[in-house]
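It should be emphasised that the depicted structure is a prediction, and the values quoted were computed from it without experimental measurement.
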Amino acid sequence: YLISAIRVIPLDNLVQTVIAVIKNPPPIEGLSSDVCLEVSVLELFYCYMRNSSATQLSEAWTSLMTLIREGASLGPRAQFLLAALLHEIMIKCCPLEERKDQKDLQDVTAKLVECVSQVCGSCLEQTTWLRRNLAVREQDEDSISSVSVVSAATSTDSNTSAYSVQAQLVLSEILAPILDICFGSSEKDKVNTILVSLMCNIVPYLKTHTMRNMSSFNACSKLLASLSSYQYTRKAWKKDVFDLLLDNNFFQMDHSCLKYFKIIIDHLMTHDNTTFKDLMSRVSMTQSGSLSIFSSREQELEQ
């Protein structure tokens with residue numbers, strides 16, 4: 001708050017200074033090994049930016065987009081801060097008047113989401129040579145189960161897999177709203193392109209019903225529930241959720257995840273008129289005896 005009271009330095013100049021620091025961090029002595037200068041600078045700037053007006057942010061728009069674009073290649077902790085920064089910018093500045101600014105925002109959003117998505121999938125491995133088939137690495141399940149947002153925040157960036165759960169939680173909080181803000185009603189198809197790539201790094205955790213994977217299962221369930229609330233995202237997750245629902249191990253989950261899947265399944269079934277029929281046609285139901293309350297299979301599906 002003391003820094004935000006300084007009005008001598010224009011916001012654009014401050015952003016450019018932050019960019020210079022994260023691109024070429026100056027040598028500093030006396031810092032402990034777990035302190036990252038880039039992360040500390042971004043934390044400071046994020047707090048400052050939250051107290052900035054929409055007008056100030058608009059005046060520094062080009063520099064802000066450059067900051068997010070350049071910072072996307074940093075470590076996970078910096079990426080999480082940039083995601084929070086991007087969310088704050090959208091809340092204050094959107095909708096944008098200039099088409100070029102909107103295009104720049106979409107480009108940096110897609111790039112940053114892709115980077116965080118890779119962190120989400122950092123505990124996955126490919127199980128086949130000929131096709132992309134990802135599964136949770138068994139040797140990482142112990143680390144996944146013991147990671148929390150707090151513990152990951154104090155880890156170093158060298159072990160990306162230590163941040164997979166935190167990345168999933170970050171996206172569960174902000175991904176759906178920033179995509180909805182960033183892409184207009186005529187551009188929602190672009191959202192599905194981004195989400196299809198993300199689902200590849202999310203679904204394997206939802207297929208793994210083990211105690212060791214519970215943290216990721218819960219975080220990914222929360223993420224999917226938030227995305228399913230927007231009907232236009234349905235194309236990206238419908239098939240995967242339908243397959244999960246038909247899995248024999250579907251209900252082997254912690255009770256805390258049930259509230260998320262209640263939301264997901266509700267949106268899966270209510271957004272069109274055919275999904276429930278498809279489900280019933282694939283579920284084997286045998287009737288005992290000769291009593292039938294429906295005259296035909298079609299009538300049964302209509303009820």
TODO: Please answer: with hydrophobic residues joined when any side-chain heavy atoms are less than 4.5 Å apart, are Ile68 and Tyr46 in the same cluster?
DONE: yes

Task: Contact check, side chains of Arg137 and Ser161, non-hydrogen atoms, under 4.5 Å - done: yes

Open item on the list: If I take atom CG from residue Leu224 and atom CD1 from residue Ile263, how far apart are they, to the nearest 0.5 angstrom?
Closed with: 10.5 Å

Open item on the list: Does Lys235 have more than 12 heavy atoms from other residues, nucleotides or ligands lying within 6.0 Å of its NZ?
Closed with: no

- [ ] Determine the interplanar angle of the Phe250 and Phe261 rings, folded into 0 to 90°, and report it as parallel if under 30°, tilted if 30 to 60°, perpendicular if over 60°.
- [x] perpendicular

TODO: Check whether any side-chain N or O of Asn201 sits under 3.5 Å from a backbone N or O of Ser117 as a donor-acceptor pair, and report yes or no.
DONE: yes

Open item on the list: Quick one: does any side-chain atom of Ser164 pair with a main-chain N or O of Thr160 as donor and acceptor, under 3.5 Å?
Closed with: no

Open item on the list: Just so I know, are the side chains of Glu114 and Ile194 near enough to count as touching, which here means a heavy-atom distance under 4.5 Å?
Closed with: no

- [ ] For Lys103 and Glu98, indicate whether the former's side chain and the latter's backbone hold a donor-acceptor pair under 3.5 Å.
- [x] no

Task: Side chains of Cys94 and Leu105 in contact at under 4.5 Å (non-hydrogen atoms) - done: yes

Task: Basic-acidic side-chain contact under 4.0 Å: Lys111, Asp107 - done: no

Open item on the list: Does Glu97 have more than 12 heavy atoms from other residues, nucleotides or ligands lying within 6.0 Å of its CD?
Closed with: no

Task: Leu206 with Met269, same ILVMFWY side-chain cluster at under 4.5 Å - done: yes

TODO: Look at Lys222 together with Glu173 and state whether they make a salt bridge at an N to O cut-off of under 4.0 Å.
DONE: yes

- [ ] Look up atom CE in Met214 and atom OG in Ser221, then write down how far apart they are to the nearest 0.5 Å.
- [x] 9.0 Å

Task: Atom pair OG (Ser197) and CG (Asn192), whose distance is rounded to the nearest 0.5 Å - done: 12.5 Å

TODO: Determine whether Thr17 and Ile9 make a side-chain contact, defined as any pair of heavy atoms from C-beta on separated by less than 4.5 Å.
DONE: no

TODO: State which residue, out of Leu64, Val108, Ile181, Ile178, fulfils the side-chain contact (heavy atoms from CB on, under 4.5 Å) condition with Ile89.
DONE: Leu64

TODO: Kindly say whether Asp243 contributes a backbone atom to a donor-acceptor pair with the side chain of Asp247 at under 3.5 angstrom?
DONE: no

Open item on the list: How close do Ala54 and Cys93 get, counting heavy atoms only, and between which atoms?
Closed with: O-SG, 4.0 Å

- [ ] Measure the spacing between CG of Leu223 and OG of Ser228 and express it to the nearest 0.5 Å.
- [x] 10.0 Å

Open item on the list: Has His87 got a side-chain atom pairing as donor or acceptor with Ile174's backbone, closer than 3.5 angstrom?
Closed with: no

Open item on the list: With clusters defined by side-chain heavy atoms of hydrophobic residues (ILVMFWY) lying less than 4.5 Å apart, directly or transitively, does Leu246 cluster with Met199?
Closed with: yes

TODO: Return the minimal non-hydrogen interatomic distance between Lys92 and Leu57, and the atom names on each side.
DONE: CD-CD1, 3.6 Å

Open item on the list: Cation-pi check for Phe183 against Lys190: NZ or CZ below 6.0 Å from the six-membered ring centre and within 45 degrees of the axis, yes or no?
Closed with: no

Open item on the list: Please say yes or no: joined through hydrophobic side-chain contacts below 4.5 Å, possibly via intermediate residues, are Leu11 and Ile91 part of one cluster?
Closed with: no

Open item on the list: Is there a continuous path of hydrophobic side-chain contacts, each under 4.5 Å between heavy atoms, that joins Trp237 to Tyr260?
Closed with: no

TODO: Would you mind reporting whether Ser216 and Val136 have side-chain heavy atoms less than 4.5 Å apart?
DONE: no

Open item on the list: If I take atom CG from residue Asp278 and atom CG from residue Asp272, how far apart are they, to the nearest 0.5 angstrom?
Closed with: 8.0 Å

Task: Polar side-chain atom of Thr208 near backbone of Pro204 as donor-acceptor pair, under 3.5 Å - done: yes

TODO: Report yes or no: does Arg77 contribute a side-chain atom to a donor-acceptor pair with the main-chain N or O of Tyr163 at less than 3.5 Å?
DONE: no

Open item on the list: Between Asp266 and Lys262, does any side-chain N to carboxylate O distance fall below 4.0 Å?
Closed with: no

Open item on the list: Is there a side-chain contact between Thr127 and Leu134 in this structure, where contact means two heavy atoms from C-beta onward sitting under 4.5 Å apart?
Closed with: no

Task: Gln79 side-chain N/O to Leu74 backbone N/O, donor-acceptor pair under 3.5 Å - done: yes

Open item on the list: Main chain of Leu96, side chain of Asp101: is a donor-acceptor contact present, judged purely on distance under 3.5 Å?
Closed with: no

Task: Residue pair Val35 / Ser40, side-chain heavy-atom distance below 4.5 Å - done: yes

Open item on the list: Side chains of Arg282 and Phe242, heavy atoms from C-beta outward: is any pair under 4.5 Å?
Closed with: yes

Task: Spacing of Leu279 atom CG and Lys277 atom NZ [to the nearest 0.5 Å] - done: 13.0 Å

